[in-house]
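A short worksheet on the structure shown next.
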Protein chains: 2
Amino acid sequence: MAAPSEGALRRSLAERQAAADAQAEAVRALKAGGGASKADVDAAVEALKALKVEAGAAARRLQQALGAGAGGAAREELRQAVVNTLERKLFYIPSFKIYRGVAGLYDYGPPGCRVKANVLSFWRQHFVLEENMLEVDCPCVTPEVVLKASGHVEKFTDLMVKDEKTGTCYRADHLLKDFCKEKLEKDLALPKEKADEFKRILAILDDFSAEELGAKIKEYGIVAPDTKNPLSDPYPFNLMFQTSIGPTGLSVGYMRPETAQGIFVNFKDLYYYNGQKLPFAAAQIGQAFRNEISPRQGLLRVREFTLAEIEHFVDPEDKSHPKFVDVADLEFLMFPRELQLSGESAKLMKLGEAVSKGTVNNETLGYFIGRVYLFLTCLGIDKGRLRFRQHLPNEMAHYAADCWDAEIECSYGWIECVGIADRSAYDLKAHTEKSGVPLVAHEKFSKPREVEKLVIVPSKKDLGLAFKGNQKMVLEALEAMSEKEAFEMKAELETKGETNFKVCTLGKYVVITKKMNQEFDAAAKVIAKALTTAGISHIIDTTAISIGRRYARTDEIGVPFAVTVDSATNVTIRERDSKEQIRVDINEVASVVKQLTEGQSTWADVSAKYPAHVGPQGDQE
Amino acid sequence: MAAPSEGALRRSLAERQAAADAQAEAVRALKAGGGASKADVDAAVEALKALKVEAGAAARRLQQALGAGAGGAAREELRQAVVNTLERKLFYIPSFKIYRGVAGLYDYGPPGCRVKANVLSFWRQHFVLEENMLEVDCPCVTPEVVLKASGHVEKFTDLMVKDEKTGTCYRADHLLKDFCKEKLEKDLALPKEKADEFKRILAILDDFSAEELGAKIKEYGIVAPDTKNPLSDPYPFNLMFQTSIGPTGLSVGYMRPETAQGIFVNFKDLYYYNGQKLPFAAAQIGQAFRNEISPRQGLLRVREFTLAEIEHFVDPEDKSHPKFVDVADLEFLMFPRELQLSGESAKLMKLGEAVSKGTVNNETLGYFIGRVYLFLTCLGIDKGRLRFRQHLPNEMAHYAADCWDAEIECSYGWIECVGIADRSAYDLKAHTEKSGVPLVAHEKFSKPREVEKLVIVPSKKDLGLAFKGNQKMVLEALEAMSEKEAFEMKAELETKGETNFKVCTLGKYVVITKKMNQEFDAAAKVIAKALTTAGISHIIDTTAISIGRRYARTDEIGVPFAVTVDSATNVTIRERDSKEQIRVDINEVASVVKQLTEGQSTWADVSAKYPAHVGPQGDQE
């Protein structure tokens, strides 16, 4: 049997309370009249007692239901125990404690630092390395023009009220929220209609204007919680810490409230860095600052924190994701808009179905939801206390077109931990307008990508079988092709399976088949996966230029080891400084490179162990 | 033959120039007089030409000498080539470039981020892990009271002058420095006395008061470099970015100019965390902010940067360091005060000799100089371009009692990269005074440390040989000893080599020898070293409590694996979650733990491979 609803319990309590009140009135009347017999009075008093017991029981049932729903005392106790341990063991410390601290600022002590470092290191491994993201590191101090363009100067505000006598500041929505919650949890005599009203307010609170909030605060007679003084009308307070850059005092700056803007203003450079191809992602880990009006809930709402952000730039007309299949079968708690609006709970859904049904808008958004799910559960988050909740239309940040939050249920209830927003091109457009620098990607560059993969990995075995002594010259001619020639060859291979190719040094045409150029993709992927697992950053370079020039390119930026896949079973590893190469089985590549980079073995060690290879040296550019 | 000094070259140039001037005057006189023969005039003109050639040659010699000394054009060219490559490859990017940037703020692009992450990761490994330092992570936003106590609000200033018409700001010392350098490098006619004066100014510039700087700027007629407008008198400008914490606008805050204050204000908690023992070190990596008046020299003088700091707290009466022997034989360029004051160059010195002669004040300071030398040379810094320069007394920061800078010679000259300062107890005293919370260490706790090491690592083998079936009970009794009893036992073992010990559960006294408790220190150190090399954070716990309670203690803070050294050849590894233990050869411990923590093998894998061990479970506390 289902438990009675909160409404039914409230009604039951109200009826029993009313009956008890009526009986109490009756007892008073009997006594006052003086004509009633003692037996009549006694019977009426007994009936009153029974009604009071019933009302008491109804109150307890309601209280129990409310207590279970809101978490109650057990939750509060658990939190206190955890907080005590964490503070005692210096996982975190209220900052500047000897000066009685500053609300919303916390230090991490030694074990907290370790946990934080482990989480960030896993984040880098899981997101940045796995997807070959471009990591950037921008300053916290940000000039006003950037945050005007992004909308933060105008819109990054919370509504604030002041104690009219002491000047103490409060977040207006928090006061109204606390009032409604307190009433719902503790006022057992609350009529059902009033309870419903408070619940509706809690659901739509985030959407209230300053005027609406002010009106409700007045209507309910809400006062300053500490002093019971009257409150000012709500007005917006910008959450950014303001400062002044340079010595003149004329240049306004802010401490960044998010790290993403540093990525957006660099879009053009990053796009070029990525070979002018979409999609690509950039990532940043760094401090963010929000001058919260009245920080609370411990580490959950603080004035300075480390943020790890990813901006994934995708062709707006093709939001498919090649790796979506890897996460499509994941099943977890999802809480789309419709369920929230109809008052239902989150339910288990398969990610693949959520995307195919349109609940999640597209594969790319879905892919990142899946990756975040894997990240959080790998960190140890209980699957039963993790849900992905879609923002209601009115609730989203000023830049978002769609947004899903990963929420974790903790002692404070369901708390947002990760936001996955489709910001559309809001930021790039805003900065383009403000700076006059066009932050756009050109579609024509997005297609040739696949072609390059084909042409630059010639299959030496097949070429060898086909061309024998001439293999070297065919190979050189293939590597010397222009991008345009490569694209043309790709098109012909795709349609016909083979193509005629003129090798000038041989003075004749040869037949190139599709098979010759393709078979090492798989080997490269095996190696890439092993390197990712080993935590080694790498890029598969499949551009249509010679091996030698590719070596020169990576030599310039200091990449210590280059792996060339010219066989499906064993490959070459080249050391930058000596330009020497060795041949290594593909299954050993990752461990050899890891040992070298971690200093467990030297290049001399491995070149003694593995056979040398003579190939392009990488001198030419 | 030694090259002529700059002074000799200046004298030679001045003499030849004077001779040429005199001859020119003579020619003019001959021509004006009208009585001289054409042959006389021609001869005088020829002599003038010869003198001019000589003067020109002298000027070239001087210019060459100055060019080589100051770096010259080749250096400038090299720098430009390196900068171009670094910017083109996005190692770094001027921040907010699309908005024409902000002086002194730079982004790191993808390869720059990798380099930075590698350097920081090596720093953690080399310093924090190697020395078991306590890492903390404090906010950048800092309330005024902290920085008033530390002296930064009053003293963290540079002297500034303003263009009197445009208001553009300049660092006063930089203008004077540039003026003197320019004169020395480019004014070939500069008399030797004047050159000596400018050199003296360059040497003592850092010590000038506002009045002295202002007087020199007036005396030399230095004007604003961009406009040639007159300059204001110098006045102090505080380099901290100021902001306001919280919504009232009443609480002044600053962005921290160094991370060290976050460590000092936590001294008390960290000291307790370290078992109230000195010495210990705390470390912090994080952003620091300095609102430079006019940033220049690319990444060398910026307004926001990542700082990695260590504060090592040591008994002021015993600054010896047990690991100093490990670095005493290092030999590198040192530049103590005396050499600087006598105008000599840095010279190769052995660190051990520098400490024993008192050039470096004490072993602890020397140890860190040695560790910094190893860190920088491991990173690839050229030993010939690295020197340790001692600060002159007048040059040190307001908090420092002695200071050595690691300086690297780059295209800008010798640049400070690491500062190693003996801050004495300046900061702890200042915060004690301001906060009223005593930040002190008590000497009585610094001695018992060694005792604990003895008592809590009983040698099971020796105990087993001696006590056979009773070993377990002896062991339990040893572990159950109070600290006081342990200290008493230690004293007796030290003097007599053995002691009588009452085991209640056996109802008798047994003889404990010194050997039984000591031999595993070496094994623990071997394991610790291997773990450090593998990059695994660990602490050797030698406190005088039972193994079970020690497990409970590490379980509480989430340490996943505990190694108990109860044999010199093989030890136990215990997993926190299952409480299971396995026996592993000491040489395999680090690699087993590394594989487990990196997810290459699971606990199930290793427990299938290694024999199980039954011992204290760690339930009891």
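To find a chain, count down the sequence lines: A is the first, B the second, and so on, and within it residues start at 1. Only this structure's heavy atoms are used, side chains among them; waters, hydrogens and symmetry mates stay out.
At a 4.5 Å heavy-atom cutoff, the contact between A:Arg114 and chain B is made by side-chain atoms alone. For B:Ser294, no part lies near chain A; criterion is any non-hydrogen pair under 4.5 Å. At a 4.5 Å heavy-atom cutoff, A:Ser251 makes no contact with chain B through either its backbone or its side chain. Residue B:Tyr92 does not touch chain A at all, counting heavy-atom pairs closer than 4.5 Å. Only the side chain of A:Asn266 has a heavy atom closer than 4.5 Å to any heavy atom of chain B. Only the side chain of A:Glu304 comes within less than 4.5 Å of a heavy atom of chain B; its backbone N, CA, C and O stay farther away. Neither the backbone nor the side chain of A:Val302 comes within less than 4.5 Å of any heavy atom of chain B. Only the side chain of A:Cys113 comes within contact range of chain B, judged by heavy atoms closer than 4.5 Å. Heavy atoms closer than 4.5 Å to chain B are found in the side chain of A:Ile93, but not in its backbone. Contact of A:Lys89 with chain B is made through backbone and side chain together, with heavy-atom distances under 4.5 Å.
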Considering only distance and modelled atom types, tabulate donor-acceptor pairs under 3.5 Å from the side chains of residues 430-438 of chain B, sequence neighbours left out.
from	atom 1	to	atom 2	distance (Å)
B:His431	ND1	A:Tyr99	OH	2.8
B:His431	NE2	B:Gln261	OE1	2.7
B:Thr432	OG1	B:Leu428	O	2.7
B:Thr432	OG1	B:Leu439	N	3.1
B:Ser435	OG	B:His431	O	2.6
B:Ser435	OG	B:Val437	N	3.0

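Highest contact tally toward chain A, considering only B:Ser95, B:Ala149, B:Gly246, is held by B:Gly246 [criterion: heavy-atom pairs under 4.5 Å]. Each of B:Thr168, B:Val102, B:Leu90, B:Thr248 has some count of heavy-atom pairs under 4.5 Å with chain A, and the biggest count is that of B:Leu90. Note on A:Ala534, A:Pro139, A:Cys138: by heavy-atom pairs under 4.5 Å with chain B, the leading option is A:Pro139. Interface summary for chain A: among B:Tyr272, B:Phe305, B:Tyr254, B:Phe241, the most heavy-atom pairs under 4.5 angstrom belong to B:Phe241. Of all the listed residues (B:Val559, B:Leu134, B:Ile557), the one sharing the greatest number of non-hydrogen pairs under 4.5 Å with chain A is B:Ile557.
Atom CZ of A:Arg296 has more than 12 neighbouring heavy atoms from other residues, nucleotides or ligands inside a 6.0 Å radius. Atom NZ of A:Lys594 has more than 12 heavy atoms from other residues, nucleotides or ligands within 6.0 Å.
Summarising the geometry, atom CG belonging to A:Leu270 is positioned 9.0 Å from atom CG belonging to B:Asp107; distances are rounded to the nearest 0.5 Å. The distance from atom SG of B:Cys140 to atom CZ of A:Arg303, rounded to the nearest 0.5 Å, is 15.5 Å. Here the CG-OG1 distance, from A:Leu105 to B:Thr142, works out to 8.0 Å after rounding to the nearest 0.5 Å. With rounding to the nearest 0.5 angstrom, the CE atom of A:Met255 is 8.0 Å from the OG1 atom of B:Thr243. Taking CD of B:Glu598 as the start and OG1 of A:Thr533 as the end, the distance is 11.0 Å to the nearest 0.5 Å.
Side chains of B:Ile98 and A:Phe267 form no contact here, defined as non-hydrogen atoms less than 4.5 Å apart. The shortest distance between side-chain heavy atoms of B:Tyr273 and A:Pro111 falls below 4.5 Å. Looking only at side-chain heavy atoms (C-beta outward), A:Glu556 and B:Arg88 come within less than 4.5 Å of each other. Residues B:Phe289 and A:Val141 have side chains in contact (heavy-atom distance under 4.5 Å, counting atoms from C-beta outward). You'll find the side chain of A:Asp269 reaches within 4.5 Å of the side chain of B:Lys97, heavy atoms only.
For residues 115-123 of chain A, the interface with chain B (any heavy-atom pair closer than 4.5 Å) comprises A:Lys116, sorted by residue number.
Side-chain N or O atoms of B:Asn291 include none that pairs as donor or acceptor with a backbone N or O of A:Ile245 at under 3.5 Å. No donor-acceptor pair under 3.5 Å is formed between the side chain of B:Gln242 and the backbone N or O of A:Ser244.
When all heavy atoms of A:Val136 and B:Gly109 are compared, the pair lying nearest together is CG1-CA, 4.3 Å. In plain terms, the two heavy atoms of A:Phe237 and B:Pro247 that are nearest each other are CZ-CA, 3.4 Å. In terms of heavy-atom proximity, B:Val146 sits nearest to A:Phe96 at CG2-CD2, 3.6 Å.
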